[in-house]
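Here the structure is laid out as structure tokens; the discussion comes afterwards.
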Amino acid sequence: MFLIPFCFFACLINTYGQDPYHLALRPQIHFSPRTGWMNDPNGLVYFRDEYHLFFQYYPDSTVWGPMHWGHAVSKDLMHWKQEPIALYPDSLGYIFSGSAVADERNTSGFGKNGNIPLVAIFTHHDPAGEKMVTSKFQNQSLAFSLDAGINWTKYAGNPVLKSPGLKDFRDPKVAWYPDQNKWIMTLAAGDRIQFYSSTDLKTWVKESEFGAGLVKPGRVWECPDLIAFDVDGKKVWLLIVSINPGGPQTGSGTQYFTGNFDGHSFTSFDTISRWIDFGPDDYAGVTFNNTGKEKIFMGWMSNWLYATNVPALQWRSAMTLPRKLSIKNIGGVYYTMMEPVDDLDKLVTKSNSYKHIPTVKEIHFNGPARFELSLSDLYSFSLVFSNASGQQVTAGYDEEKNSFFIDRSKAGRSNFNAQFAGIHYAQRIDQSNNSKIIMILDNTSLEMFADGGLTTMTELFFPEQPYNILQQGTSRKPIEDIRISELSSIWLNKK
Ligand code: FRU
């Protein structure tokens, strides 16, 4: 109900010319589309000195609809320029999630005059076929660009990989496998992952499957990614899979497995489901292709449980911050770690350190902001971020539960979904006494990276006005050291 007057008000302001990048709910340091609906990041690739972010996009509404690939580029992973729509739905269907590769060897033959083609590998989802219950309505297709992602040509031989009759058969992530000079496609096939190989991106051969029996009935895996890391001299493969429902809190979430991959099959070290992010609002995340040893992860900052119902103005949803992704061996188990990319530092406008702040003290800041805590002995503590309307979000660590937490039960509007308001816990993985914690607050989100990102949590909320007051909540001892850095908007010069 509140949406009607709110939307009316916001649209009115915009009619009178307010720049949409500074409307109340717009995240100021996270990518969001200028207008329209957005979900998964797609085709993440570094190419000719630019990061490309394609995304599931429906330009005509703020709810999900016939999917396009939107497009944005960035030189520093922070400031984004939205480009024209890259891929429109066509007679084969909507353009669902997928990936993009720089075909440097021109294996596809799409390159002309030595121009390296950027090739998108995506799922064509045929809504007519879906209605007829054919079970063959998701097929993999190609498109290529010879001008760094601005103009695209769909391949005349689409689709290149037809559904074998599986209802869920989508989200190809393709990467070059140098040891065997071939491409590997990692694909979500309902309750399992399938691997295919190709030497030209056009003809695909099934190699193997992973995960049969690991997914509970009624759930599906989506948006997989397979990447290799060098961990203390050992090659470790990471398989990322998003699951819906069945996430770490409620609704959707992203889990991972570590193991070996030999160009044919993936064998996991164990079958324990681990979460890349323990909060409710990091979904469908994958890594950028072509970034060498540095792996950069980005997710969609929402949850299918309420994604289409959260308060929105002329656009809906944002991406998580781009994050450096690494792997750490703790007692023989490999865990993911994520922290914001270093380019975030460039947004810092003002930075102050505080020592042993008393509970009563209010520290005022102008969001968005980064909070860096250093605790030589981790103990129960919380930080309370609040606004003049009395709304607040609290984040910290609970000794008894040995868990980090974010509490958004009093964070603002939540009547769009009964399960939205609440407190979410993430079991601590690290066992050391000391702890370094980074929290990044934007208008409608908090991302917490604890213990170097071993435990990461991402949460959305919708306060009436941005949080700009920090206080220490229940804490066993005053926090020893906290640095607060205000961050400049990435949309400063945008209209
Ligand atoms: C994940 C997902 C993908 C699909 C896309 C459709 O959020 O369901 O599996 O390709 O969204 O928009």
Side-chain angles (χ1 to χ4, degrees), residues 33 36-44 53-71 85-90 92-100 120-127 129-130 135 137-143 159 161 163 166-174 185-194 211 215 218-225 239-247 250-255 276-277 280-286 297-310 315-320 458 460:
W37 162 272
M38 177 179 82
N39 55 291
D40 316 354
N42 295 152
L44 301 181
L53 160 63
F54 298 90
F55 49 90
Q56 287 289 278
Y57 189 39
Y58 184 40
D60 301 334
S61 166
T62 51
V63 290
W64 191 92
M67 284 288 113
H68 301 53
W69 270 28
H71 184 203
I85 290 173
L87 300 173
Y88 286 81
D90 57 40
L92 295 176
Y94 300 166
I95 315 297
F96 269 21
S97 287
S99 48
I121 309 96
F122 59 89
T123 300
H124 255 131
H125 171 97
D126 173 18
E130 183 180 17
S135 290
F137 52 87
Q138 295 193 334
N139 306 293
Q140 320 318 316
S141 289
L142 305 179
L161 176 60
S163 168
L166 291 170
K167 195 164 83 45
D168 299 292
F169 191 67
R170 58 178 180 269
D171 307 341
K173 175 74 195 253
V174 173
M185 179 195 290
T186 307
L187 192 73
D191 65 352
R192 62 198 67 188
I193 297 300
Q194 294 188 346
V215 178
R219 300 174 176 187
V220 288
W221 272 339
E222 301 182 310
C223 301
D225 195 358
L239 178 65
I240 300 174
V241 284
S242 279
I243 190 160
N244 184 30
T250 183
S252 45
T254 301
Q255 55 187 156
I276 207 156
D277 188 315
D281 298 308
D282 179 358
Y283 193 62
V286 286
F297 173 97
M298 189 185 251
W300 170 46
M301 200 153 55
S302 197
N303 187 315
W304 277 120
L305 189 69
Y306 41 70
T308 54
N309 307 115
V310 298
W315 80 96
R316 217 190 227 113
S317 296
M319 296 302 178
T320 66
T458 304
L460 287 178

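Everything quoted here is computed from the prediction, not taken from an experiment. Just follow the structure's listing: the first ligand is 1, and inside any ligand the first atom is 1.
- Tested against Ser242, the residues Thr254, Ile276, Asp282 include a single side chain to side chain contact (heavy atoms under 4.5 Å, CB included) partner, Thr254.
- Here Phe96 contributes atom CZ and Asp171 contributes atom CG; the two are 8.5 Å apart, rounded to the nearest 0.5 Å.
- Neither side chain, Gln138 nor Asp168, offers a donor N or O lying under 3.5 Å from an acceptor on the other.
- Closest of all the heavy-atom pairs between Ala284 and Cys223 is CB-SG, 3.7 Å.
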Which protein N or O atoms sit under 3.5 Å from any N or O of ligand 1? Give atom names and distances.
| residue | atom | partner | partner atom | Å |
| --- | --- | --- | --- | --- |
| ligand 1 | 7 (O) | Asp40 | OD1 | 2.7 |
| ligand 1 | 7 (O) | Asp40 | OD2 | 3.2 |
| ligand 1 | 7 (O) | Trp304 | NE1 | 2.8 |
| ligand 1 | 8 (O) | Glu222 | OE1 | 3.4 |
| ligand 1 | 8 (O) | Glu222 | OE2 | 2.9 |
| ligand 1 | 9 (O) | Arg170 | NE | 2.7 |
| ligand 1 | 9 (O) | Asp171 | OD1 | 3.4 |
| ligand 1 | 9 (O) | Asp171 | OD2 | 2.6 |
| ligand 1 | 9 (O) | Glu222 | OE2 | 3.1 |
| ligand 1 | 10 (O) | Ser97 | N | 3.2 |
| ligand 1 | 10 (O) | Asp171 | OD1 | 2.6 |
| ligand 1 | 11 (O) | Asn39 | ND2 | 3.3 |
| ligand 1 | 11 (O) | Asp40 | OD2 | 3.2 |
| ligand 1 | 12 (O) | Asn39 | ND2 | 3.1 |
| ligand 1 | 12 (O) | Gln56 | OE1 | 2.7 |
| ligand 1 | 12 (O) | Trp64 | NE1 | 2.9 |

Please determine whether side chain to side chain contact (heavy atoms under 4.5 Å, CB included) holds for the pair Tyr94 and Glu130, giving the CA-CA distance in whole Å, both sets of side-chain angles, and the decisive distance to 0.1 Å. CA-CA 11 Å; Tyr94 300 166; Glu130 183 180 17; over 6 Å; no
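- Scanning for side chain to side chain contact (heavy atoms under 4.5 Å, CB included) contacts around Ser135 gives an empty result, with sequence neighbours left out.
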